[in-house]
Amino acid sequence: MQIALTVNGTFHQVDVHPGELLRTALRRLRYYSVKHGDETGESGADAVLLTWTPEQPTSYRLVNSGVMLAAQADGASIITVEGLGDKGTSAPISQSPNLPLHPLQEQFIRCGAIQCGYCTPAQLLAAKKLLDENPAPTEAQVREAIAGVLCRCTGYLKPVQAILRAAAQLRGEEPPPLDVAIVDAVEEGEWPTGDGDAGIDPGPDPSGVDTQTRTRTVPAKVAPPQTAVVNKPEPKVDAVKLAKGRPVFADDLEMPGMLYGGLLTSPHAHARIVRIDKSRALALPGVHAVLTYEDVPRVVYASGGQSYPNPPPYDQVSLDNKVRHVGDRVAVVAAETPELVQQALELIEVEYEPLPAVFDPEEAMREGAPVIHDEPDAVDIHDPQRNIAVHIHVEHGDVDRALAQAAHVYESEYRVHQVQQASIEPHVVWTWWDEDDRLVIRTSTQVPFHVRRMVAPLIGLPVRRIRVVKPRIGGGFGGKQEMLIEDLCAHLTLATGRPVRFEYTRAQEFTSARTRHPQILRFRSGVDERGKLVAMDVRVVGDTGAYGTHGLTVQMVTGFRALSTYWLPNARYDCDVVYTNKPVPGAFRGYGAPQALFALEQHMEEFAEAIGMDQVEFKRLNWIKVGQELPMAEAMGEGREGFAQTVRSSGLEECVQQGAQAIGWERRNDPAWRQDPTRPHIRRGLGLAICMHGTGIAGLDMGAASIKLNDDGSFNLLVGATDLGTGSDTVLAQIAAETLGVPLEQIIIYSSDTDFTPFDTGAYASSTTYISGGAVMKAAEEVARQIREHAARHFFDGMDPDRLRLEESQVKAPDGRAVSLAQVALHATHQADQHQIMATASHMSYLSPPPFAAQYAEVEVDTETGQVTVKKLVMAVDCGIAINPITATGQVEGGMVQALGYAVSEEMAYDPAGRVVNPRFGDYRIFAADETPELQAILVQTYEPSGPYGAKAIAEIPMDGVAPAVASAIHHAVGVRIRQIPFTPERVWRALRG
Ligand code: FES
């Protein structure tokens with residue numbers, strides 16, 4: 001049928017299918033800012049402004065185009081973000097892509113309100129509607145207006161700030177200045193001067209072998225306030241295109257002859273496939289392929305996006321004749337429309353032989369439990385008969401003797417649950433053959449180079465015939481650190497010869513993607529008479545669901561964090577990683593640390609209480625300090641070789657003090673504050689958790705970068721690192737700009753494409769700023785050296801190049817002479833000593849310097865209902881030098897809200913048959929804008945000598961401390977200790993009643 005739509009002032013007549021959604025129709029018209037977040041409208045990513053009376057500007061309503069039929073919109077006028085950009089009036093707007101920015105877009109960019117940018121178009125439209133109707137909204141009104149558009153990245157603080165500032169701007173007022181809380185933990189005079197070798201120090205070389213990547217140190221220009229670009233709140237380099245809703249995400253394209261892919265998943269938790277009949281599905285006109293285990297090669301693999309060789313076990317194949325959890329893969333289909341895909345999936349007849357299932361990891365290890373991996377070709381499963389995928393045992397010192405001699409011993413057990421990354425952008429991939437018969441995979445991945453290597457054997461192509469392209473990613477949080485659906489989509493292109501688009505539904509994100517490992521953690525510790533820890537013994541049972549991907553390494557990190565945050569002369573870690581018939585855990589921001597820290601911080605508090613010590617003093621006495629070694633780093637590695645680590649920078653004490661001041665810690669002992677007489681059922685409490693994380697994986701993570709000088713003095717920077725919305729492209733460009741003496745806009749960064757950019761392990765383990773940034777700094781230093789040499793020879797009479805410096809896009813001599821980079825570039829390229837000034841460098845580090853943080857929480861507990869309301873979260877973080885304070889605080893704010901979901905509301909819930917009962921945003925409950933507490937991020941700057949410009953990591957540590965801080969605050973408020981998350985009203989209510 002044909003309908004009429006006026007979009008951003010342009011009239012369209014569109015042929016639509018009767019069941020076609022408005023979102024699909026708009027995207028077919030190439031309004032790609034209208035996003036798919038889910039099928040229920042609960043993400044809000046599909047929102048557009050719509051009216052049938054465009055002459056009345058306030059008649060526009062915010063509607064979910066993903067739950068509205070296109071036919072229902074016949075005759076409507078619609079505004080999408082592509083049409084925002086004049087003064088934002090609701091009058092018809094031209095569709096020119098070069099419109100000036102609307103004040104909302106401008107403020108979103110300036111405030112750092114855009115991280116991945118997937119929710120941004122819908123947030124902007126929601127904000128536009130509010131400001132059209134209410135030019136002077138309150139903060140509460142702003143939060144309510146955007147509450148229907150979920151954001152998984154920002155924690156909403158910066159978007160709200162941006163909307164309020166845009167409102168002021170539209171009213172003709174001056175917006176208030178932007179404020180970022182930065183505290184320098186380093187005393188004046190202690191900052192490195194740049195004269196020495198205070199740049200990237202890769203740490204001691206354990207092999208004794210000098211290599212370029214291991215020993216090269218880069219003279220640092222370093223630290224504030226001398227820098228021009230680093231340590232400055234530069235706007236994100238991709239913010240404008242994200243604010244304008246440009247087609248930058250994996251799914252934002254259309255190809256002639258394309259097919260849609262779809263996945264049939266298992267309804268059983270454990271079953272054998274006895275028979276599959278796909279004939280009726282294949283007979284459907286428009287269906288081009290139906291693939292089952294009978295159609296694809298059986299190649300055993302491990303799906304975790306990790307460095308070669310992938311850690312064991314190898315327990316997956318693309319399609320199997322056995323299913324091991326509800327949501328497991330059964331068959332894939334390619335057809336000409338999404339509706340045909342759905343019909344074909346329903347026509348596949350599968351006969352299952354249901355098998356007994358097990359959902360509890362402790363039960364799964366018992367004699368007689370169902371064996372989940374009985375296939376003979378699985379490789380390196382520790383004990384398949386007992387469902388133990390991996391066993392870890394690491395000991396340092398003599399734990400038993402130390403505990404036997406300890407003055408006090410304390411033991412306690414904790415449980416953490418299963419949660420989902422819930423990126424607003426689902427997993428989506430496109431595959432097609434290019435003109436050279438090479439397979440192109442355009443995918444929303446954190447690990448493009450790992451995907452290329454891992455998918456090759458599964459589809460029977462050599463690596464050289466595969467190109468993986470990573471466009472902008474709509475959030476990853478570890479969930480996209482996996483080779484998850486690329487093999488299935490590639491199989492469909494191989495089978496049909498056609499381009500195929502394959503995307504998970506939101507329900508499949510919960511049942512067929514990845515999640516966080518649930519764990520049972522038992523701690524037993526001993527202290528001497530002064531309260532100094534002498535030993536800690538940690539036993540963990542980790543639930544890895546149906547497959548062992550990331551099972552070894554996540555649980556390794558759990559052990560390492562549990563046994564390294566406080567200094568221990570004796571430590572033991574014993575862990576079983578156990579299969580169950582549940583959807584599969586994998587990498588999730590924090591990577592085993594949030595589990596460890598929830599248990600560890602509670603255990604420390606309980607121990608302090610048991611021996612009558614103040615909890616902060618007990619922690620202060622024991623937390624790891626500058627100069628102390630991390631023995632478990634060497635003993636554990638991350639499932640591979642470990643390297644000795646010593647703490648070389650820490651601002652933890654300053655973090656604790658700054659955070660205490662910001663939260664009002666002194667109120668802890670104020671009875672009047674703790675119990676408001678007007679609300680006798682409400683008790684208030686404050687809690688603190690200490691956090692320590694890592695910065696990349698020592699001796700393993702590697703990043704590379706290429707930089708070349710252009711005729712106009714600008715630079716192309718190519719990196720294999722993957723920006724998931726964290727701002728890493730911006731940070732890497734800042735490092736290059738600082739080193740090359742140019743403003744940020746002179747750096748054109750591109751990431752990442754396996755054909756064009758150099759290798760990078762990918763975006764995980766908090767490694768990008770530190771590892772990839774190290775590579776960028778080395779490449780930039782080499783390019784700077786070449787520029788100085790050429791300039792010295794041809795413009796400065798053979799002067800010593802080392803006397804020249806790059807500054808303000810010029811090469812400057814001490815005597816005041818200067819030549820522009822453009823002149824040097826033109827001269828080098830076209831006139832004399834003709835050559836391309838360029839360099840490529842790699843970086844790896846044997847160090848993983850820990851960032852530290854103090855996480856504070858203020859809560860109210862309703863003693864009648866058990867409801868815990870978190871009123872305020874403060875995190876003071878030592879991330880070394882913040883390369884970009886705005887993106888750094890954005891990471892902290894967003895991470896705290898994600899961690900708050902882990903603590904109080906998010907939980908994958910199951911029925912007795914192993915089906916997830918809440919596989920949608922509405923039931924799963926991530927925080928909305930009108931539900932988040934007050935947030936405060938404080939950057940406590942130290943100088944990490946091994947990091948580029950003194951930087952350490954910041955992306956993951958905000959996940960670590962909220963759950964234990966809230967637990968601590970609940971205990972302070974009502975005196976009960978709850979050793980299991982999430983703190984649901986029922987769990988708290990039951991705890992209150994003993
Ligand atoms: Fe909102 Fe990523 S910026 S979902």
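Numbering of ligands and ligand atoms starts at 1, following listing order. All values reported here derive from a predicted model rather than from experimental measurement.
In summary, an N, O or S atom of C153 is located under 2.8 Å from atom 2 (Fe) of ligand 1. With 2.8 Å as the limit, C116 does not count as an N, O or S neighbour of atom 1 (Fe) of ligand 1. Atom 2 (Fe) of ligand 1 has no N, O or S atom of C119 under 2.8 Å away, backbone or side chain.
Salt bridge annotation for R925-E931: present, with a cationic side-chain nitrogen under 4.0 angstrom from a carboxylate oxygen. Of the charged side-chain nitrogens involved, at least one lies within less than 4.0 Å of a carboxylate oxygen, so that E906 and R152 count as a salt-bridged pair. Between K470 and D753 no salt bridge is recorded (no basic side-chain N to carboxylate O distance below 4.0 Å). In summary, R27 and D251 engage in a salt bridge, as defined by a charged side-chain N under 4.0 Å from a carboxylate O.
Of all protein heavy atoms, the one lying nearest to atom 4 (S) of ligand 1 is R152 N, 3.5 Å.
Distances below 4.0 Å separate heavy atoms of C151 from the following atoms of ligand 1: 1 (Fe), 3 (S), 4 (S). For ligand 1 and I424, the ligand atoms under 4.0 Å from any heavy atom of the residue are 4 (S). Residue G117 approaches ligand 1 through these ligand atoms, each under 4.0 Å from one of its heavy atoms: 2 (Fe), 3 (S).
For R516 and Y902, the positive end sits near the middle of the six-membered ring, less than 6.0 Å away and at most 45° from its axis.
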message: Could you walk me through whether L131 and N134 satisfy the side-chain contact (heavy atoms from CB on, under 4.5 Å) test, starting with their C-alpha distance in whole Å, then the side-chain angles of each, then the deciding distance to 0.1 Å, before giving a yes or no?
response: CA-CA 5 Å; L131 300 192; N134 179 1; over 6 Å; no
